[in-house]
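Structure, as structure tokens:
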Amino acid sequence: MKVAVFSAKPYDEHFLEQENSEFDHQLVFFKAHLSPQTAALAAGYPAVCLFVGDVANAEVIKTLAESGTRLIVLRCAGFNNVDLLAAEKNSITVLRVPAYSPHAVAEHAVGLMLALNRKLHRAYNHTREGNFSLDGLLGFDMYGRTVGIIGTGMIGSVVAEILNGFGCRLLAFDKYPNPACEALGVEYVSLSDLYQQSDIITLHCPLLPETHHLIDDQALASMKDGVMIINTSRGAVVDTRAVIEALKTGKVGNLGLDVYEEEADLFFEDLSDRIIQDDVFARLLTFPNVIITSHEGFFTRDALTNIARTTIGNISAFESHTALSNQVTAEKHLA
Ligand code: NAD
């Protein structure tokens, strides 16, 4: 099948071509994001392959359908960038990769915790500059510390397993407690108890209307002084302006972000010779106790292999009219 792959990076090309070697799909890679301005590039392609920054709104979907596209294959789990109702109306099937490696994201979240706690980002620079003093590098034992996990699905439950190995006391909040976490000894508590008791709070819930700015002024005020917050879920779960104020007063002692509310204008690109126009993001970069990574939680060889395998499998299943186990529909997913 002829597939236009949008937002293609060299690693996408490598992993998709590797998995495609046993198939004969014709993958054509475009660096551009899919948008109303670039949708015409897909003319004549029965399938388009998209990532998180591509926009498949009603206007784009109409253009795609009019020029022969019948399949949108997402190389990610989230589908908030696709208008599912418009896709249905235009007879375009939407397939995704529901799971690829919860370990990749969970390990990255724990990596941020350890780096912030022991100030590895600062220590790295100190020693390279011949500064072997320990001043400013004091951390704490993870053993015995209380960690609050918000969202104990695939990723949150792996975080619980890893931190259980460190000897942390684990609290969690989720609408649907996970029996695997309960078996591990995780205590499900109310959000307010989790805020009050946790030394570290790590976010693993999806971005939904109810979780938008979950971490706001009020939530921050009820947390322990010097709390560490880790967000590898979605940027808008945290009210960035509120967290900046809490960093200024010391209420938040450490902040680790792999996601940011306005990341679409920044992440995944090399902007090192440009001036950052986002003043909120620029302020975050000034704090010594903040580490920001650019949405790389998923970025392991294992996860990219799984993403590519499922994506190529999805294209093949659609082409051969076999059962579509990874289909996203408005009826099932917008209920
Ligand atoms: P999942 O669906 O397995 O788990 C999400 C959990 O959150 C579920 O248990 C659900 O019940 C819970 N939840 C829903 N609403 C909640 C609420 N209001 N409060 C608390 N918990 C709530 O998803 P997952 O695979 O574990 O992924 C979690 C999130 O991680 C995703 O939604 C995505 O935003 C993010 N993610 C980030 C990266 C990255 O590279 N940084 C990669 C993949 C996923």
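First listed ligand is number 1; within each ligand, the first listed atom is number 1.
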- Task: For atom 32 (O) of ligand 1, grab the closest protein heavy atom and report residue, atom and distance to one decimal in Å.
- Result: P206 CA, 3.2 Å
- Message: If we count only N and O atoms by modelled type, under 3.5 Å, do the side chains of T152 and Y188 hold a donor and an acceptor together?
- Response: yes
- K9 atom NZ, neighbour heavy-atom count above 12 within 6.0 Å: yes
- Can you list the atoms of ligand 1 that are under 4.0 Å from a heavy atom of T211? 17 (C), 18 (N)
- Message: Quick one about S7 and H33 (side-chain donor to acceptor, distance below 3.5 Å, no hydrogens or angles considered), yes or no?
- Response: yes
- Check: E261/T240 side-chain N/O donor and acceptor closer than 3.5 Å: yes
- Relative to each other, are the rings of Y260 and F281 parallel, tilted or perpendicular (30° and 60° limits)? tilted
- Message: Within ligand 1, which atoms have a heavy atom of G151 less than 4.0 Å away?
- Response: 7 (O), 21 (N)
- If you scan protein heavy atoms around atom 33 (C) of ligand 1, the nearest is R234 NH1, 3.6 Å
- Task: Using a strict 4.0 Å cut-off to heavy atoms of L208, name the atoms of ligand 1 that fall inside it.
- Result: 15 (N)
- Item | Residue part near ligand 1, for F299, under 4.0 Å between non-hydrogen atoms | neither
- Closest protein heavy atom to atom 22 (C) of ligand 1, given as residue, atom name and distance to 0.1 Å: C205 CB, 3.7 Å
- Protein heavy-atom partner closest to atom 11 (O) of ligand 1 - residue, atom, separation in Å: D174 OD1, 2.7 Å
- Task: Report the C-alpha separation of T293 and D258 in whole Å, then their side-chain angles, then the decisive distance to 0.1 Å, and conclude whether the side-chain hydrogen bond (donor to acceptor under 3.5 Å, both in side chains) test is met.
- Result: CA-CA 5 Å; T293 54; D258 187 46; 2.6 Å; yes
- Task: Give the intermediate values and the outcome of ring pair (Phe, Tyr, Trp, His ring centres under 6.0 Å) for residues F6 and F29.
- Result: CA-CA 6 Å; F6 281 87; F29 297 92; over 10 Å; no
- Message: Under 4.0 Å and counting heavy atoms only, is there anything from the protein next to atom 30 (O) of ligand 1?
- Response: yes
- For atom 28 (C) of ligand 1, what's the nearest protein heavy atom and its distance? H204 O, 3.3 Å
- Query: Are side-chain N/O atoms of E296 and S294 paired as donor and acceptor at under 3.5 Å?
  - Reply: no
- Any idea which of L191, D258, I150, V105 brings a heavy atom closest to atom 38 (C) of ligand 1? V105
- H295: which of F267, F268, F51 passes ring-ring contact (aromatic ring centres under 6.0 Å, His included): F268
- Looking only at protein heavy atoms, which one is nearest to atom 44 (C) of ligand 1, and how far off is it? I155 CD1, 3.7 Å
- Message: Using a 6.0 Å distance limit plus a 45 degree cone around the ring axis, check whether R122 lies over the aromatic ring of Y124.
- Response: no
- Close-contact set for ligand 1 against Y100 heavy atoms, below 4.0 Å: 42 (C), 43 (C)
- Item | For atom 25 (O) of ligand 1, the protein heavy atom that lies nearest, with its residue and separation | M154 CE, 3.5 Å
- Task: Return yes when S233 approaches ligand 1 closer than 4.0 angstrom through a heavy atom, no otherwise.
- Result: yes
- Note on the structure: Nearest non-hydrogen contact to atom 18 (N) of ligand 1 from the set H108, E210, H212 belongs to E210
- Just checking, is any N or O donor in the side chain of H25 or S316 under 3.5 Å from an acceptor N or O on the other one? yes
- Query: Atoms of ligand 1 less than 4.0 Å from Y176 heavy atoms?
  - Reply: 11 (O)
- Message: Hydrogens and angles aside, do R96 and Q327 bring a side-chain donor and acceptor to less than 3.5 Å of each other?
- Response: no
- Answer yes or no for L207: is there a heavy-atom contact with ligand 1 below 4.0 Å? no
- Query: Do any nitrogen or oxygen atoms of E296 come within less than 3.5 Å of a nitrogen or oxygen of ligand 1?
  - Reply: no
- Query: For ligand 1, which atoms sit closer than 4.0 Å to a heavy atom of G297?
  - Reply: 40 (O)
- Is the closest side-chain donor-acceptor distance between N289 and N254 under 3.5 Å? no
- Task: Flag atom 13 (N) of ligand 1 as yes if some protein heavy-atom distance to it falls below 4.0 Å, otherwise no.
- Result: yes
- atom 4 (O) of ligand 1: closest protein heavy atom, distance to 0.1 Å, is G153 CA, 3.2 Å
